[in-house]
Structures are given as C-alpha cells and as structure tokens.
Amino acid sequence: MQAWRVYENGEPSAVMRREEVEPPAPGDGQVLLKVRAANVNFPDALLCRGHYQVRPPLPFTPGVEVCAETEDGRRVITTAALPHGGFAEYTLADAAGLLPAPETLDDAEAAALHIGYQTGWFGLHRRAALQEGETLLVHAAAGGVGSAAVQLGKAAGATVIGVVGGPEKAAVARALGCDVVIDRRSEDVVAAVKAATGGRGVDVVYDPVGGEAYQQSAKCVAFEGRIVVVGFASGTVPAPALNHALVKNYSVLGLHWGLYAAKDPASIGRCHEVLTAYAAKGLIKPLIGERVPFAGAADAVQRVADGTTTGRLVVLPEGVRA
C-alpha cells in the first residue's frame, strides 16, 4: 500500500516520505481500516517535529483523524493508532474507539468532525459551561479548530466574536455565523472586543493559539469569565499571571481532549451522539478548505503548520473522491 512515513523529526515538507509498504497488522483490540479520507490536524505537524506529547517510534505514519471503512463495510470515524496513522491507504485503530460516520456528512467532512468538534464541545460545554445568551470569543475563527468552535457556539445560542488574520479569513468567519469579526492585523483586538460588548468583555474565550492571543484574552475577559486553553498554534506557550486572574475573578481552564479516552471514554460516545444530531439539523458542518490529493499530503501538513490555511485540509487516498 501507499503510505507517508517519517524517519526523522523536522518540518513536515522535509521529513514526510511517500513509500510503498505492507499494510499494518492489527494488535490486540485493534482493527485494520481502509482510509476514505484523513483530516490534517496541527498535531500532525507537531508529530513530525517531535514536539507532540505523544512520540511514536520512528518511522511512523502521521494522520491522527480519519473517516474509514471496516472490513464488513461500515463507514466510521476515529483516531488512528500511531505509528500507523491515516496518511496511508490502510490504518489501524482501536476497535472500541470506532464511531459511526454521520450520514449527512461526506467522507471529507466526516473525517474533520471527530477531534475538532469533540474538542470544541468538551471545551465549551464540559469545561467552560457556556450558556445561552453569553458571549464567546474564538481566536483563529476561520481555521479548522476555530471554525468548529464558532458553529458550536452559535448552536448553543451564544453571541460569537471571531478573531482572524486578514480580510479573506474575515469573510469566512462571517459566513460561518460570527456576530462580530475582528481582523487582528488591522484592528486592536482588546479595544474591538470591549467596543462590541459595551466594555463588559466576553464570558468565554476559546484559544487554540496561545502567545499574544492569550494576553489579549486576559485583558478582555469578563467578570467570572472562562478562558479555555486548547493549544499553542502560535508556537508560544503563555505564562498566565495568576494575580491578574485573582483580581479580575476569571478562570483559566486547560483542555486535553485525548485524556477523555482514558479517563471517561463513555463521554466521547455521548458527545458524538450530540454532534451527529447537530449535523443532521444543519447546525454544524465542517469547513473544508481543500480536498488534497494523496500526493500533496506533506505539503498540506506543512501549510497547516505554517498557519496559512482556512478551514480543514483533508487528504484523500489515490482513486478516492470525497
């Protein structure tokens, strides 16, 4: 089969190699899946660089999220079992982690549903307890992670403020349903948020960026607001000033969605039921920026690493049209 493999850590475009290899053999509790579509996530870039919290043995195939087909023909979504990731014709996954792909989503959309939307739902609801009528600020609102949070925020009845970089991404954020869009390249984010909220600030911040974005969030979060730390796409891990959190009376909440598979696996299935119902009602639909031919997988991961993409890039195996 065809697979992309990483033999040494570095930038994705430099270390990902396309090869002909044997299909992987399932271990205990695992199943072999035929990949229908593999979504590109920022962790794929971190895996290539050797900077992710999980370090699979070299060589490995990246691609942590797939829509795939079981041997008996079921269409499923899941996270791939590294080191045999999804940028290949076949991948491995834990049998217990398979979830039915929503019928209302095509393969590329289904491949982009699992990690980003589960992370968004757990972050907004389980961690931040977002309520109808509250105001939600989403950083990188036109990106894959941010766009999911925007849709979930609107589905929850929140007023959503999206922060983006550039006019093209601003247009995407408006189309997604953001009530207010702030272009960080041409506007003062803190001043714009305060203007949009009458000086009050926002109830919940969803931050997959870190760095300067977190500093802005701390300045415009409201009384008893909640900042959900999802990741550090900026490359800079902020150091929160806890005295500031104390005097402003807000919370900083961490979210590592992958822990739920070990700590509370049943909650992932319950969340998937909610997301499937949302998709059937048209409340959520993954924003697919590009359906990438298999030959372009390394370039796609690099572009996600560089932060130049809008929505999700989804890699399709040879001969697949999703």
Colleague: I'd like to know if R75 pairs up with D107 as an ion pair, taking the criterion as any Lys NZ or Arg NE/NH1/NH2 lying under 4.0 Å from an Asp or Glu carboxylate oxygen.
Modeller: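 Yes, R75 and D107 are salt-bridged.
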Colleague: If the threshold is 4.0 Å, N to carboxylate O, is there a salt bridge linking R36 and E69?
Modeller: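 Looking at R36 and E69, the cut-off is met.
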Colleague: Apply the test side-chain contact (heavy atoms from CB on, under 4.5 Å) to residues V193 and L137: give CA-CA distance (whole Å), side-chain angles for both, the deciding distance (0.1 Å), then the verdict.
Modeller: CA-CA 8 Å; V193 169; L137 174 66; 4.1 Å; yes
Colleague: Can you find a side-chain donor-acceptor pair between H272 and Y117 that sits under 3.5 Å?
Modeller: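 Side-chain D/A pair, H272 to Y117: absent.
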Colleague: Do you know which two heavy atoms are closest between V160 and G153, and how far apart they sit?
Modeller: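 Smallest heavy-atom distance, with atoms named: CG2-C, 4.0 Å.
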Colleague: If two hydrophobic side chains count as joined below 4.5 Å and joins carry through other members, does V138 share a cluster with F42?
Modeller: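 Linked, V138 and F42 end up in one cluster.
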Colleague: Any luck finding a side-chain donor-acceptor pair between S217 and H139 under 3.5 Å?
Modeller: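 The criterion, which ignores hydrogens and geometry beyond distance, is satisfied for H139 and S217.
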Colleague: Do L32 and I77 land in one hydrophobic cluster if side-chain heavy atoms of ILVMFWY residues count as linked below 4.5 Å?
Modeller: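 No, L32 does not connect to I77 through the hydrophobic network.
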Colleague: Within a strict 4.5 Å, meaning less than it, do heavy atoms of the L136 and T159 side chains meet?
Modeller: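 Not in contact.
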Colleague: Counting heavy atoms not belonging to Q53, are there more than 12 under 6.0 Å from its CD?
Modeller: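 Yes, the 6.0 Å shell around CD holds more than 12 heavy atoms from other groups.
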Colleague: If you apply the rule side-chain contact (heavy atoms from CB on, under 4.5 Å), what do you find for Q216 with V190, and how did you get there?
Modeller: CA-CA 6 Å; Q216 295 165 342; V190 175; 4.0 Å; yes
Colleague: Salt-bridge test for K34 and E89: reply yes if a basic N is under 4.0 Å from a carboxylate O, no otherwise.
Modeller: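 No, K34 and E89 are not salt-bridged.
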Colleague: V35 and V64: same hydrophobic cluster, using ILVMFWY side-chain contacts below 4.5 Å?
Modeller: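 Different hydrophobic clusters.
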Colleague: Evaluate the criterion side-chain contact (heavy atoms from CB on, under 4.5 Å) for residue pair F87 and M16; output intermediate values, then yes/no.
Modeller: CA-CA 10 Å; F87 299 142; M16 286 178 63; 4.1 Å; yes
Colleague: Answer yes if V40 and I288 sit in the same cluster of Ile, Leu, Val, Met, Phe, Trp and Tyr residues linked by side chain heavy atoms under 4.5 Å apart, and no otherwise.
Modeller: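 Result: no, two separate clusters.
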Colleague: Before accepting this row, confirm whether a basic side-chain N of the pair R200/E224 lies closer than 4.0 Å to the acidic partner's carboxylate O.
Modeller: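 Judged by the 4.0 Å cut-off on N to carboxylate O distance, R200 and E224 do not form a salt bridge.
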Colleague: Is the number of heavy atoms from other residues, nucleotides or ligands within 6.0 Å of CG (D72) greater than 12?
Modeller: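 Result for CG/D72: enclosed.
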Colleague: Please check if the number of heavy atoms outside E132 that lie under 6.0 Å from its CD is greater than 12.
Modeller: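 For E132, atom CD is not crowded (no more than 12 foreign heavy atoms under 6.0 Å).
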Colleague: Hey, quick one: are L46 and V209 part of the same hydrophobic cluster, counting side-chain heavy atoms closer than 4.5 Å, chains of contacts allowed?
Modeller: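 Shared cluster, no.
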Colleague: Under a plain distance cut-off of 3.5 Å, with no hydrogens placed, do R55 and N9 share a side-chain donor-acceptor pair?
Modeller: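 The criterion, which ignores hydrogens and geometry beyond distance, is not satisfied for R55 and N9.
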Colleague: Counting only heavy atoms not in K248, do more than 12 fall under 6.0 Å of its NZ?
Modeller: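 It does: K248 NZ has more than 12 such atoms within range.
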Colleague: Students often mix this up, so state it plainly: with edges at 30° and 60°, are the rings of F122 and Y260 parallel, tilted or perpendicular?
Modeller: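 If you compare the ring of F122 with that of Y260, the planes turn out tilted.
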Colleague: Are any side-chain N or O atoms of T78 and backbone N or O atoms of G97, one a donor and one an acceptor, separated by less than 3.5 Å?
Modeller: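 Pair found, side chain donor or acceptor close to backbone of G97.
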Colleague: Quick one: closest heavy-atom pair of V54 and L47, and the distance?
Modeller: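 In terms of heavy atoms, the two residues are closest at O-CD2, 3.4 Å.
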Colleague: Does K154 NZ have over 12 foreign heavy atoms under 6.0 Å away?
Modeller: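 Enclosed.
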Colleague: Restricting to non-hydrogen atoms, name the atom on E109 and the atom on P286 that form the minimum distance, rounded to 0.1 Å.
Modeller: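 Minimum heavy-atom contact is O-CG, 3.2 Å.
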Colleague: Evaluate side-chain contact (heavy atoms from CB on, under 4.5 Å) for D179 paired with I161, printing each intermediate quantity in order.
Modeller: CA-CA 6 Å; D179 299 281; I161 301 174; over 6 Å; no
Colleague: Would you mind checking if D264 and R126 are paired as a salt bridge, meaning a charged N to carboxylate O distance below 4.0 Å?
Modeller: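 Looking at R126 and D264, the cut-off is met.
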Colleague: Considering only NZ, NE, NH1 and NH2 on the basic side and carboxylate oxygens on the acidic side, decide whether R226 and E134 come within less than 4.0 Å.
Modeller: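 Salt bridge present between R226 and E134.
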Colleague: Are Q302 and E11 packed together at the side-chain level, in the sense that at least one heavy-atom pair is separated by less than 4.5 angstrom?
Modeller: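 A side-chain contact exists here, since the closest heavy-atom pair is under 4.5 Å.
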Colleague: Got a sec, which residues hit side-chain contact (heavy atoms from CB on, under 4.5 Å) with E290, two or more places apart in sequence or on another chain?
Modeller: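 Partners of E290 under the side-chain contact (heavy atoms from CB on, under 4.5 Å) test: V292, R303, L313.
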Colleague: Looking only at side-chain N and O atoms, does T308 offer a donor or acceptor that is under 3.5 Å from a partner on D306?
Modeller: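 No pair is found: no donor N or O on one side chain lies under 3.5 Å from an acceptor on the other.
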Colleague: Is it true that atom CD of E19 has more than 12 heavy atoms of other residues, nucleotides or ligands lying nearer than 6.0 Å?
Modeller: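 It does: E19 CD has more than 12 such atoms within range.
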Colleague: Provide the closest heavy-atom pair for S234 versus G211 in the form atom of the first, atom of the second, distance.
Modeller: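 Looking at all heavy atoms of both residues, the closest pair is OG-N, 3.5 Å.
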Colleague: What heavy-atom pair brings G165 and R185 nearest, and what distance separates the two atoms?
Modeller: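 Looks like O-CZ, 3.4 Å.
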Colleague: Does E318 form a salt bridge (charged side-chain N to carboxylate O under 4.0 Å, His left out) with R18? I'd like the steps, not just the answer.
Modeller: CA-CA 12 Å; E318 297 290 349; R18 184 178 179 181; 2.7 Å; yes
Colleague: Using the six-membered ring wherever Trp is involved, compare the ring planes of W4 and F294 and label them parallel, tilted or perpendicular (cut-offs 30° and 60°).
Modeller: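 Aromatic pair W4/F294 classed tilted.
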Colleague: What are the two closest heavy atoms between G85 and A88, and how far apart are they?
Modeller: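 The pair with the smallest heavy-atom distance is O-CB, 4.1 Å.
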Colleague: May I ask you to decide whether R291 forms a salt bridge with D106, counting only side-chain N to carboxylate O separations under 4.0 Å?
Modeller: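 A salt bridge links R291 with D106.
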